[in-house]
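A short worksheet on the structure shown next.
None of the values given here were measured: they were computed from a predicted structure. Start at 1 with the first residue, then count along the sequence.
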Amino acid sequence: MSVVAAISTPLAVGGLALIRICGDGSIQLADKIFSPYAKNLPSQMAGHTCAYGRIVRDGQTLDDVVLTVFRAPHSYTGFDTVEISCHGGVYVAKEILRLILDNGAEPAEPGEFTKLAFLNGKMSLTQAESVMDIIGASGEATLKSARLIKDGALYQSIRDISDRLTAALGSLAAWTDYPDEDLPGTDPGSVREAVEFALQRISQILDDYDRGRILREGIDTAIIGKPNVGKSTLMNRLLGYRRSIVTTAAGTTRDVIEEELRLGELRLRLSDTAGIRDAADEAEAMGVDLARKKLDEAELVIAVFDGSEPLSETDRDILERIKNRRHIIVINKSDLPEKIDLKYINDDNILFVSANTGDGVEKIREKLIEMFKLGGLGEGSHLFANERQRSLCVKAKSFLTQALSAIDGGFTLDAVTVCIDSALNELLALSGERATEAVVNDVFSRFCVGK
């Protein structure tokens with residue numbers, strides 16, 4: 001393969017920057033630009049060894065660097081690789097990269113080094129995808145789950161499922177070729193056992209996906225209610241600082257105010273919205289429309305009601321709109337005499353708080369953590385299955401469900417074979433063993449340059 005190169009650290013001022021060169025001839029290219037303070041040029045160095053020296057252009061020193069040699073196949077990509085650690089200024093890193101390119105290397109595409117590792121058999125496609133999850137990890141659980149997949153946990157699960165289905169298909173193929181023989185493993189009970197095993201494992205991966213998406217992306221959360229029920233005060237209390245403007249005048253919030261709230265590993269993308277009512281002017285009307293849109297789109301609704309006032313028609317409308325949604329009902333102003341009619345609110349997720357004093361606000365945090373149950377990340381969890389992987393798992397699960405229906409419906413084993421084979425194809429595409437070039441290119445296009 002041709003030599004490719006890129007800066008693998010962020011382009012910013014810092015202590016160090018790292019430039020990576022990879023491919024056949026990368027070590028020889030390094031000989032042209034690196035002058036060691038000791039004897040050995042890169043081509044004379046053993047793999048996994050470092051040398052201190054200078055990067056030289058036209059006889060002039062660009063920077064003092066540490067150069068590391070990785071010889072194939074014992075490198076990240078499986079190809080000869082050179083990594084140059086220089087000072088972390090933007091200019092000096094770019095100048096060294098330019099010198100490398102001037103000496104015959106091509107600029108690396110996004111994710112090209114990890115793509116080479118995949119194509120060279122150093123990792124599966126699921127392991128490769130987890131690299132970006134490690135880079136983007138936002139907490140202990142997200143990092144742990146990404147590391148599990150990078151270490152092959154998801155691939156091994158898919159491999160176990162695929163092996164069971166492949167064995168079942170082999171037995172079914174033998175039965176098709178020799179229908180008069182009494183071959184083991186081709187009775188409906190044995191086939192059903194293999195399919196049920198696969199279904200159970202895939203269902204677990206899909207359950208983990210939902211937990212992983214919450215950890216990775218956070219939960220889109222809308223704080224909804226009438227004007228002056230205390231939405232902005234509640235948001236400020238939850239955040240622990242003043243983010244939304246609070247006044248006694250109704251309709252203060254016109255636009256959607258967004259901020260992130262962290263509750264341990266749980267992240268909420270909070271949106272404080274305009275009070276829902278018949279607007280007094282065009283600007284407020286636009287804010288109310290945005291609030292209603294947020295109410296319809298949010299994954300979680302925190303509906304706030306004024307406990308010191310009777311329920312209004314607007315309150316009842318909000319209750320009706322959230323009853324089939326994931327929600328928490330907050331009865332605010334618990335420090336004032338209670339006038340709200342609670343017989344209209346029959347809900348398990350109701351909390352009484354005073355956003356003004358802070359009393360009861362901690363119960364909201366506890367309820368949220370309880371609702372999403374993100375604890376208990378185990379060694380068998382695969383939290384970072386992404387949307388591509390999820391889609392393939394969903395398709396595989398559908399084909400396996402059809403296979404069970406075919407078995408129970410008394411269909412021939414030929415029909416069952418078609419369903420199982422289709423499921424297996426989806427799983428092999430997930431692991432990358434049957435991934436098309438277009439899929440592989442799309443996966444790595446999401447990577448940063450230098451990785």
Side-chain angles (χ1 to χ4, degrees), residues 207 210-211 213-239 243-244 253 256-277 287-334 338-356 358-375:
D207 289 344
D210 290 332
R211 297 170 63 209
R213 183 188 58 77
I214 289 171
L215 282 171
R216 182 175 66 252
E217 301 174 5
I219 305 160
D220 192 11
T221 306
I223 302 177
I224 297 293
K226 294 187 309 182
N228 263 12
V229 294
K231 300 184 301 299
S232 297
T233 304
L234 179 62
M235 179 167 180
N236 291 341
R237 280 286 181 186
L238 288 170
L239 293 173
R243 178 63 178 87
S244 294
T253 303
V256 176
I257 308 298
E258 297 182 334
E259 195 57 82
E260 183 176 290
L261 171 65
R262 295 196 67 97
L263 301 174
E265 293 293 340
L266 182 64
R267 285 191 301 143
L268 300 185
R269 301 194 305 276
L270 280 181
S271 297
D272 180 19
T273 62
I276 296 178
R277 67 171 181 176
V288 172
D289 287 342
L290 284 173
R292 290 195 172 103
K293 184 178 180 182
K294 272 290 181 184
L295 171 57
D296 293 335
E297 295 177 348
E299 297 175 86
L300 170 67
V301 176
I302 299 177
V304 185
F305 301 90
D306 186 344
S308 66
E309 293 184 357
L311 284 175
S312 67
E313 285 301 316
T314 300
D315 291 327
R316 291 189 177 92
D317 178 61
I318 292 172
L319 286 168
E320 183 65 24
R321 294 178 69 168
I322 69 170
K323 66 180 183 181
N324 294 320
R325 307 281 303 283
R326 183 177 276 168
H327 66 269
I328 292 176
I329 292 176
V330 174
I331 308 299
N332 192 26
K333 305 186 182 180
S334 60
E338 185 179 294
K339 295 182 181 179
I340 192 169
D341 192 346
L342 293 176
K343 72 179 181 180
Y344 291 102
I345 308 177
N346 183 18
D347 201 289
D348 293 332
N349 294 322
I350 185 169
L351 297 171
F352 295 84
V353 308
S354 170
N356 188 45
D359 184 46
V361 172
E362 189 58 35
K363 294 178 182 177
I364 299 177
R365 298 187 178 97
E366 293 169 0
K367 172 62 74 172
L368 289 168
I369 293 172
E370 176 190 334
M371 284 179 70
F372 292 97
K373 293 182 174 66
L374 295 180

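Between Ile340 atom CD1 and Asp315 atom CG the span is 6.5 Å, to the nearest 0.5 Å. With rounding to the nearest 0.5 Å, the separation of CZ in Arg326 from CG in Leu300 is 7.5 Å. How far NZ of Lys226 is from NZ of Lys231: 10.0 Å, rounded to the nearest 0.5 Å. Between atom CD1 of residue Ile219 and atom CZ of residue Arg269 there is a gap of 8.5 Å, rounded to the nearest 0.5 Å. Atom CZ of residue Arg316 and atom CG of residue Asp341 lie 7.0 Å apart, to the nearest 0.5 angstrom. The NZ atom of Lys367 sits 10.5 Å away from atom CD1 of Ile350, with the distance rounded to the nearest 0.5 Å.
Remark: side-chain polar atoms of Glu299 are paired, donor with acceptor, to backbone N or O of Asp220 under 3.5 angstrom.
In this structure, the side chains of Lys363 and Val353 stay at 4.5 Å or more apart for every pair of heavy atoms. Inter-residue side-chain proximity for Leu234 and Ile302 is flagged as met; some heavy-atom pair is nearer than 4.5 Å.
The side chain to side chain contact (heavy atoms under 4.5 Å, CB included) test with Arg321 singles out one residue from Asp317, Leu319, Ile318, and that residue is Asp317. Each of Ile224, Val229, Leu311 was compared with Phe305 under the side chain to side chain contact (heavy atoms under 4.5 Å, CB included) criterion, and only Leu311 meets it.
Of the N and O atoms on the side chains of Asn356 and Ser354, not one donor lies less than 3.5 Å from an acceptor on the other residue. With no hydrogens or angles considered, no side-chain donor-acceptor pair links Thr233 and Asn236 at under 3.5 Å.
Asp359 meets the salt bridge (Lys or Arg N to Asp or Glu O under 4.0 Å) test with no other residue; sequence neighbours excluded.
For Lys323 against His327, the heavy-atom pair with the smallest separation is O-CE1, 4.2 Å.
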